[in-house]
Amino acid sequence: MHQTHMIINGEQLPISSHRVETIYNPANQEPVALVSVGTRQDAQTALEAAKKAFPLWSETSSEKRAELLHSAADLVRERAVSIARLLTQEQGKPLKNARAEILSSADILDYYAEEGRRNVGEWLATSRGRSVVLRQPVGVAALITPWNYPVDLLSWKVGPCLAAGCTFVAKPPSRAPVAATEFVRAISDAGLPAGVVNVVHGPGGEVGAELVENPISRKIAFTGETETGRWIMARAANQIKRVSLELGGHSPFIVCGDADIEKAAAACAQRAFSNMGQICISVNRVYAADEVAEEFTDRLVHQTERLRIGNGLEDNVDLGPMFSNEQREKTKEHMKDALDRGAELLFGGREPEGKAFEKGYFFLPTVLDRADHKMKIMREETFGPVAPIMRFETVDEAIKLANDSNYGLAAYIYTSDIATGIQAAERLEAGGVGVNINNVMDYQMPFGGWKESGIGRELGHYGLESFLEIKHIRLGI
Ligand code: NAD
């Protein structure tokens, strides 16, 4: 069976030196890998290694760092097939999506290799002297990530962190650490100095907490639940650590009366159900204009019926299992609450039937009609494959409903009137708005949340800046 070792100071720690846990495939409960579980002490050792490596890495030229990052990207691509397979087995997503995730992570490394070369300073001549502004690496970073995109979301942090000249200790999610560790191993194998990249495994409340609380880490880059983010922000406050937090979401999807309904329905199905709805920018609430609501719901159900469910390793599968039984139970609980409060079930709402589905955490993609804001599903993050639809009369009303949330990560609007789209985009309270497109992520552009969806931005040059400190040097000349 595959073995997943921690990487500290350039060494893979022997698995036998630690408590070992088995990772199981959510599609069939078969064992996938053995993982060594670290402790607070391991986190401390890894932080010490990253601290020791920092002077060398931060003083390495941006060209050399770029060269190493490009080599790392090449190695990740070379190993993409095997890493993707492990990702599907530990997380459940279809192999084609797992491959896309690994390849996109390699692209992120390439992107930041070049972005790091553009970390130029500023110069100003005044009557009082001269001023120089430097952007310097913040120091050792703790990179803490969730299970839904364990490699992608780590690459969003690793790329800018290394390009900025920071060293890191990564803590992948406890129940899906396998592919993420392989990703870091490929980077380490590309020839980075020992201690620049480190991975420790273990429980968030122990190993993750040590990374947050230990004075060695100067920056915490975290993606995960809002509750965990709140805790991290509070703990980081003690030492005024830099934090970037990518947290939960509850994204609205508005279908205006003049929208291309076929296109909107296909886009909605894709964004509500892919990765089994376990995406922070998933569609969580659909608002459909009264005059097109019937047609839209029919087409959405039609799109949903066509999705093929199965073990992610099989060919032509669109949706794998959910990641865990807890996720599936939470989805059922939110769905039941909605049905008890008057929602109508149009499709799904149960596990698929058949032997192939018996052992896994499968669930049918689900469409609900007649939803309203009294239902949990319209207020709390379900993180499951459910699209609840609520009807509206005016776009103004739809925007108010969309903004009636503590979250503010992504929002989508479909309309054939570009002025309506732009005006709505300006008013929607979200870090990313898609107008006639169902994805707000483009790695050259900022990504992050408003309100309780987070603080700080990843990707683009914003991602690099979050690993840099600004220094003003005043010259008395
Ligand atoms: P989680 O918060 O439970 O865990 C995320 C990571 O934090 C894990 O590695 C975990 O071990 C660690 N952790 C837990 N407690 C910790 C602590 N006290 N100190 C330090 N680390 C700790 O989240 P999850 O269940 O793995 O992921 C799902 C959540 O992530 C959802 O809420 C989803 O919306 C969010 N998410 C957000 C984005 C985004 O970009 N905004 C992207 C993907 C997922």
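Each ligand, and each atom within it, is numbered from 1 in the order the structure gives. Residues take their numbers from the sequence shown, with the count starting at 1.
- Looking only at distances, no side-chain donor or acceptor of Lys171 sits under 3.5 Å from a matching main-chain atom of Leu211.
- Using a 4.0 Å heavy-atom cutoff, Gly449 is absent from the residues neighbouring ligand 1.
- When heavy-atom distances to ligand 1 are checked against a 4.0 Å cut-off, Leu211 has no atom that comes that close, whether in backbone or side chain.
- Contact annotation: for Thr228 versus ligand 1, heavy atoms closer than 4.0 Å belong to the side chain alone.
- With sequence neighbours excluded, the residues forming a side-chain contact (heavy atoms from CB on, under 4.5 Å) with Asp152 are Glu101, Ser104, Ser105, Tyr149, Ser155, Trp156, listed by chain and number.
- Glu90 places no side-chain N or O within donor-acceptor distance of the main-chain N or O of Asn25, the cut-off being under 3.5 Å.
- For ligand 1, one of its N or O atoms has an N or O atom of Glu225 under 3.5 Å away.
- Ligand 1 has no nitrogen or oxygen under 3.5 angstrom from a nitrogen or oxygen of Thr226.
- Of the possible donor and acceptor atoms, one in the side chain of Lys219 sits under 3.5 Å from a partner among the backbone N and O of Ser466.
- In this structure, atom 44 (C) of ligand 1 lies nearest to the protein heavy atom Asn148 ND2, 3.4 Å.
- The side chain of Phe383, and not its backbone, has at least one atom closer than 4.0 Å to an atom of ligand 1 (non-hydrogen atoms only; side chain from C-beta on).
- The backbone N or O of Leu47 lies less than 3.5 Å from no partner atom in the side chain of Asn198, so there is not a single donor-acceptor pair.
- With respect to atom 8 (C) of ligand 1, the closest heavy atom belonging to the protein is Thr145 O, 3.2 Å.
- The distance criterion of under 3.5 Å between nitrogen or oxygen atoms is not met by Ser453 with respect to ligand 1.
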Pair Lys374-Asp340, salt bridge (charged side-chain N to carboxylate O under 4.0 Å, His left out): steps then yes or no: CA-CA 11 Å; Lys374 290 196 285 303; Asp340 287 349; over 6 Å; no
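- Only the side chain of Glu381 comes within 4.0 Å of ligand 1, judged by heavy-atom distances.
- When atom types are taken as modelled, the side chain of Ser188 and the backbone of Val184 share no donor-acceptor pair closer than 3.5 angstrom.
- Counting only residues at least two apart or on different chains, the side chain to side chain donor-acceptor pair (under 3.5 Å) pairs with a member in residues 406-415 are Asp258-Thr415.
- Not a single heavy atom of Gly229 sits less than 4.0 Å from an atom of ligand 1.
- Side-chain polar atoms of His334 and Thr382 form a donor-acceptor pair below 3.5 angstrom.
- Residue contacts with ligand 1 include Ala209, since one of its heavy atoms falls under 4.0 Å from the ligand.
- Of all atoms in ligand 1, numbered sequentially from 1 with element shown, those under 4.0 Å from a heavy atom of Cys280 are 34 (O), 36 (N), 37 (C), 38 (C), 39 (C), 40 (O), 41 (N), 42 (C), 43 (C), 44 (C).
- With ring centers used as reference points, Trp57 lies 6.0 Å or more from Phe467.
- Taking distance alone, with nitrogen or oxygen atoms compared against 3.5 Å, Thr223 stays at or beyond that limit from ligand 1.
- Residue Trp147 places a heavy atom under 4.0 Å from ligand 1.
- For ligand 1, none of its N or O atoms has an N or O atom of Val212 under 3.5 Å away.
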